[in-house]
Amino acid sequence: MTYPISEFSRTNSTIQYSSIDLTISTMLAILVALALFILFSSSVNALSLNYYDKTCPRLESTITSAVKNAMTNDKTVPAALLRMHFHDCFIRGCDASVLLASKGNQKAERDGPPNISLHAFYVIDNAKKAVEALCPGVVSCADILALAARDAVALSGGPTWKVAKGRKDGRISRANDTRQLPSPTFNISQLQQSFSQRGLSLEDLVALSGGHTLGFAHCSSFQNRIHNFNASLDIDPSLQPSFAASLRSICPVHNKVKNAGTTLDSTSTTFDNAYYKLLLQGKSIFSSDQALLTTQKTKALVSKFASSQQEFDKAFVKSMIKMSSILTGGQEIRLDCRVVR
């Protein structure tokens, strides 16, 4: 993988703010949004393509090797790394807070409900150990995760890109904060707000949703579309009927198979534009996928990416660079990605 930040009245075409409506919570929302905008707009300048050229020249090839080795034994690794990076950047920016382990009663992000299904943390651990052997105490876990996500896409047949580096690792990781992640049940308004709060546009939303071309969805993530959809319909009518029937056979109403679910598209280990083609055919998995067809602008982008792998690749790279550059206060270089220094 929420609405107006202020309320106002309009009189004679002049906007007049109501002092009654401008509550403390509204003011806080404005301040948070402004702070995120300032942090995001300055973040790109804080990173550099040649950040480790002198201090760790073999960094990128070392990480690529770690990802490639893991993929030989587990084809789900690329999807896991891409999702891990996304979930990291959407909470306090790309600071590797998702990698921190829980400590006692202090549950970390990785143990928050949306992240329980995250896996392949060992890939980052192995990459970090290899990098530490070459360049002790130099490279952040956040940079390693950003590079590993890039390699995951490229090694799955997708595009590659140059990753700016210089992220620092955060010291805070709270399971409760994972409630900020966009949900697979979100509608387009909720999705747009979630992304815009992080400096990401509607174009970024549609392009980054294409990451669903890799991976697997558990029944709980799309149960709402195939059972008790609303008061009058059991199944989401936007689902193609035979596809809905196949999902219901995999995920019956009283499903007892712990890891039951389905791949997110028909080529789940290959980075391609099949996700968009299936979306237009009524074969999307999440409500949040279907939501991309509910506005003229997002539907046009879906159609554009469905008809051109090249256009999708170009847009995805642009949006990944933008998302990967969200920085909100990392402070250190961890020696172990699971533990603060």
Side-chain angles (χ1 to χ4, degrees), residues 1 70-88 90 98-99 101-102 107-124 152 156 175-176 178-179 181-187 190-191 209-272 274-279 281-292:
M1 199 211 287
M71 285 176 63
T72 60
N73 298 314
D74 184 354
K75 292 182 179 180
T76 71
V77 161
L81 295 176
L82 183 58
R83 184 167 176 245
M84 194 186 297
H85 183 46
F86 180 93
H87 282 213
D88 181 42
F90 260 61
V98 74
L99 303 178
S102 296
K107 296 298 180 184
E109 287 172 33
R110 65 196 293 170
D111 291 321
N115 286 344
I116 289 173
S117 60
L118 287 180
H119 68 286
F121 290 99
Y122 73 90
V123 181
I124 303 301
S156 299
N176 285 343
T178 59
R179 290 178 295 183
L181 291 168
S183 164
T185 62
F186 271 10
N187 61 35
Q190 292 168 308
L191 289 169
S209 293
H212 287 171
T213 185
L214 299 175
F216 183 88
H218 291 92
C219 293
S220 57
S221 299
F222 57 90
Q223 196 87 359
N224 64 304
R225 301 188 73 194
I226 58 173
H227 300 293
N228 302 314
F229 177 67
N230 61 28
S232 57
L233 293 170
D234 200 30
I235 300 172
D236 184 343
S238 65
L239 281 170
Q240 200 266 351
S242 63
F243 182 66
S246 70
L247 293 181
R248 283 166 65 92
S249 67
I250 295 167
C251 304
V253 66
H254 297 299
N255 173 54
K256 295 181 180 179
V257 181
K258 182 179 180 182
N259 292 317
T262 185
T263 55
L264 287 169
D265 81 8
S266 55
T267 56
S268 63
T269 59
T270 301
F271 192 93
D272 56 23
Y275 161 82
Y276 298 104
K277 295 176 180 178
L278 293 169
L279 179 50
Q281 296 169 21
K283 297 179 180 179
S284 60
I285 303 298
F286 301 138
S287 296
S288 58
D289 295 324
Q290 180 62 29
L292 302 183

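Nothing fancy with the numbering, it's 1 onward along the sequence.
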Sorted by chain and number, sequence neighbours left out, ring-ring contact (aromatic ring centres under 6.0 Å, His included) with Phe286 holds for His212
At what distance, to the nearest 0.5 angstrom, does OG of Ser288 lie from CG of Asn187? 10.0 Å
What distance separates His227 NE2 from Cys219 SG, expressed to the nearest 0.5 Å? 7.5 Å
Show the nearest heavy-atom pair for residues Leu278 and Ser266, with the distance to one decimal. CD1-N, 3.6 Å
Taking atom types as modelled, is there a side-chain donor on Thr178 or Asn115 under 3.5 Å from an acceptor on the other? no
Sequence neighbours excluded, which residues qualify as side-chain hydrogen bond (donor to acceptor under 3.5 Å, both in side chains) partners of Thr270? none
With a 3.5 Å cut-off and no angle check, do the side chains of Thr267 and Asp272 form a donor-acceptor pair? yes
Go through the structure and list residues passing side-chain hydrogen bond (donor to acceptor under 3.5 Å, both in side chains) with Ser238, not counting sequence neighbours. Arg225, Asp236
Quick one: side chain to side chain contact (heavy atoms under 4.5 Å, CB included) partners of Lys277, sequence neighbours excluded? Asn273, Gln281, Ala306
Run the side-chain hydrogen bond (donor to acceptor under 3.5 Å, both in side chains) test against Ser242 and tell me which residues pass, sequence neighbours left out. Gln240
Atom pairs and distances, donor-acceptor, side-chain atoms in residues 251-261, under 3.5 Å, two or more places apart:
unit_1 : atom_1 : unit_2 : atom_2 : d
Asn255 : OD1    : Val257 : N      : 3.2
Asn255 : ND2    : Val257 : O      : 3.1

Phe216: which residues meet the ring-ring contact (aromatic ring centres under 6.0 Å, His included) condition with it, sequence neighbours left out? His218
Hits for side chain to side chain contact (heavy atoms under 4.5 Å, CB included) against Thr262, two or more places apart or cross-chain, chain-then-number order -> Phe222, Leu247, Ile250, Ile285
Looking at residues at least two apart in the chain, or sitting in another chain, which of them share a side chain to side chain contact (heavy atoms under 4.5 Å, CB included) with Ala80? His119, Ala120
Listed partners of Arg110 passing side-chain hydrogen bond (donor to acceptor under 3.5 Å, both in side chains), at least two apart: none
Would you please name every residue forming a salt bridge (Lys or Arg N to Asp or Glu O under 4.0 Å) with Asp234, sequence neighbours left out? Arg248
